[in-house]
Amino acid sequence: MLPVSSLPAIHSERGLSRYLNEIHRFPLLEAPEEIEYARRLRDRGDPEAAYRLVTSHLRLAAKIALQHRRYGLAIADLISEANVGLMLAVKRFDPEMGFRLATYATWWIKAAVQEYILRSWSLVKLGTTAAQKKLFFNLRKLKSRLGAPEDGELRTDQLKQIAGSLKVRASDVIEMDGRLRGDISLNVPLSADTDGSEWQDRLVDPSPDPESFLVEVSDRERERIALAEALAALSPRERSIIRARHLDEQQKTLEELAGQFGISRERIRQIEQRALQRIKANVCALLTEPDPRGRDLVRTSTADRPKVRSAPGADVRDNALGRKVGAKIGAPAPIAARLLNLAA
């Protein structure tokens, strides 16, 4: 085991100078010595060899940690994470690869430090994909190079330049730029002059208010009744054909229905079209009758209505069968979809 207790440690910013002086007392290794210690560690698990390899590269770990001070995290934590990366590099180093430990360890140390920064930067977890890491650690530098304000919005041309330089999407640049400005509490007062109002007071609740919800429920109930009456107005044969052609899981062809009813394919098609036209006429007639609130439901824009959560599977039916039958009868897809749900 590596004698960690004998390694110098840093506990705060004030102890940085003392720590740097301590790690500079450890001698650097020549290439032959490094190879010898690495082989001893690999072949025999020699703790003394591991100790020599780690201590001779502590200054490298400290240097890389100090390069990441601008992210506002405690230097003691950055150095600790850098040392963890160094130890992992020493454990996995193969002296037969033909390069020095410092070259190999640099990547491990940087990875450990950057992972720590991403974990600690925000209360909201940041992404750890290659593109997001590239953005996080290069966006500020590129903004400074382009003369963009640290806390200001990026212009369109600057946004395109950064996205092209880092080979990421412009939307990713905008998202990361917002995150780099730090977290803002929703409980922060709007200003010193306000009467205790907070930012969260300005958030818009996307859910419908009780009155709109009741209106929507009432509208749906009236449409349901209209659809039920439109279906009831069909003859049994027409209902059977509409169900077989549009509602059943395994929809039947005109040929199959012709054999079932003992009539021609063309006659089945005519009955189907007539039934769809009757449904359209009956639904429109029933819904254009004034309701108790004095509104014409057919003229009510669906865009003006609040969205109400549907039952599981309703969206699929709206998107598929609703559009299909709605296009045939000339009715809106939601109304046609509710017809299908009722008939099923």
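No experiment lies behind these values; they were computed from the predicted model shown.
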Exercise answer: donor-acceptor pairs, residues 154-163 side-chain atoms, under 3.5 Å, sequence neighbours excluded:
unit_1	atom_1	unit_2	atom_2	d
R155	NE	D157	OD1	3.2
R155	NH2	D157	OD2	3.2
Q158	OE1	R155	N	3.1

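- Using cut-offs of 30° and 60° for the angle between ring planes, the F26 and Y51 rings count as perpendicular.
- In terms of the side chain to side chain contact (heavy atoms under 4.5 Å, CB included) criterion, residue partners of A62 (sequence neighbours excluded) are, by chain and number, Y19, L20, I23.
- Taking the side chain to side chain donor-acceptor pair (under 3.5 Å) definition, one finds that R14 meets it with nothing, sequence neighbours left out.
- Although no hydrogens or angles enter the test, the distance criterion places a donor-acceptor pair under 3.5 Å between the side chain of E33 and the main chain of E30.
- No continuous path of ILVMFWY side-chain contacts below 4.5 Å connects V113 to W107, so the two sit in separate hydrophobic clusters.
- Residue R92 places its CZ atom among more than 12 non-hydrogen atoms of other residues, nucleotides or ligands, all under 6.0 Å distant.
- No donor-acceptor pair closer than 3.5 Å links the side chain of S218 to the backbone N or O of L214.
- Linking Ile, Leu, Val, Met, Phe, Trp and Tyr whenever their side-chain heavy atoms come within less than 4.5 Å puts V84 and L53 in one cluster.
- Between N282 and A233, the closest heavy-atom pair is ND2-CB, 3.4 Å.
- When every heavy atom of H57 is checked against every heavy atom of A102, the shortest pair comes out as NE2-N, 3.7 Å.
- Residue I271 belongs to a hydrophobic cluster whose other members are I241, L254, L257, F261, I263, I268, with links defined by side-chain heavy atoms closer than 4.5 Å.
- The structure places CG of L276 at 4.0 Å from CD1 of I242, a figure rounded to the nearest 0.5 Å.
- With rounding to the nearest 0.5 angstrom, the CD1 atom of I10 is 9.5 Å from the CG atom of L78.
- Salt bridge annotation for E266-R269: present, with a cationic side-chain nitrogen under 4.0 angstrom from a carboxylate oxygen.
- Distance CG/N83 to CG/L58: 5.5 Å, rounded to 0.5 Å.
- Side-chain atoms of E256 come within 3.5 Å of backbone N or O of T253 as a donor-acceptor pair.
- Considering only heavy atoms from C-beta on, L101 stays 4.5 Å or farther from L29 through its side chain.
- A side-chain donor-acceptor contact under 3.5 Å links R245 to the backbone of K252.
- With T103 contributing its side chain and F99 its backbone, the two residues share no donor-acceptor pair below 3.5 Å.
- Taking hydrophobic clusters as Ile, Leu, Val, Met, Phe, Trp and Tyr residues chained together by side-chain heavy-atom distances below 4.5 Å, L60 does not share a cluster with I35.
- Residue pairs satisfying the side-chain hydrogen bond (donor to acceptor under 3.5 Å, both in side chains) criterion with at least one member in residues 59-68, sequence neighbours excluded, are absent.
- Taking both residues in full, the closest heavy atoms of L28 and S56 are given as CD2-O, 3.2 Å, listed atom of the first, atom of the second, then distance.
- Listed here is the closest heavy atom pair of L86 and A105: CD1-CB, 4.0 Å.
- One finds the CD1 atom of I279 at 11.5 Å from the SG atom of C284 (value rounded to the nearest 0.5 Å).
- Heavy-atom minimum distance, A89 versus Y104: O-CE2, 3.3 Å.
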Would V217 and E221 count as a side-chain contact (heavy atoms from CB on, under 4.5 Å) if you check the C-alpha gap in whole Å, the side-chain angles of each, and the deciding distance to 0.1 Å? CA-CA 6 Å; V217 171; E221 177 63 16; 5.6 Å; no
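- Classification of E96 and R39 as a salt-bridged pair holds, one side-chain N sitting under 4.0 Å from a carboxylate O.
- Not counting sequence neighbours, the partners of S235 by the side chain to side chain donor-acceptor pair (under 3.5 Å) test are E238.
- In this structure, the separation between CH2 on W108 and CD1 on I64 is 13.5 Å, given to the nearest 0.5 Å.
- Note that the CG atom of L73 and the CD atom of E81 stand 10.0 Å from one another [nearest 0.5 Å].
- Shown here for A9 and R18, the closest heavy-atom pair between the two residues is O-NH2, 3.7 Å.
- Residues P95 and R42 meet the side-chain proximity criterion, which asks for heavy atoms closer than 4.5 Å.
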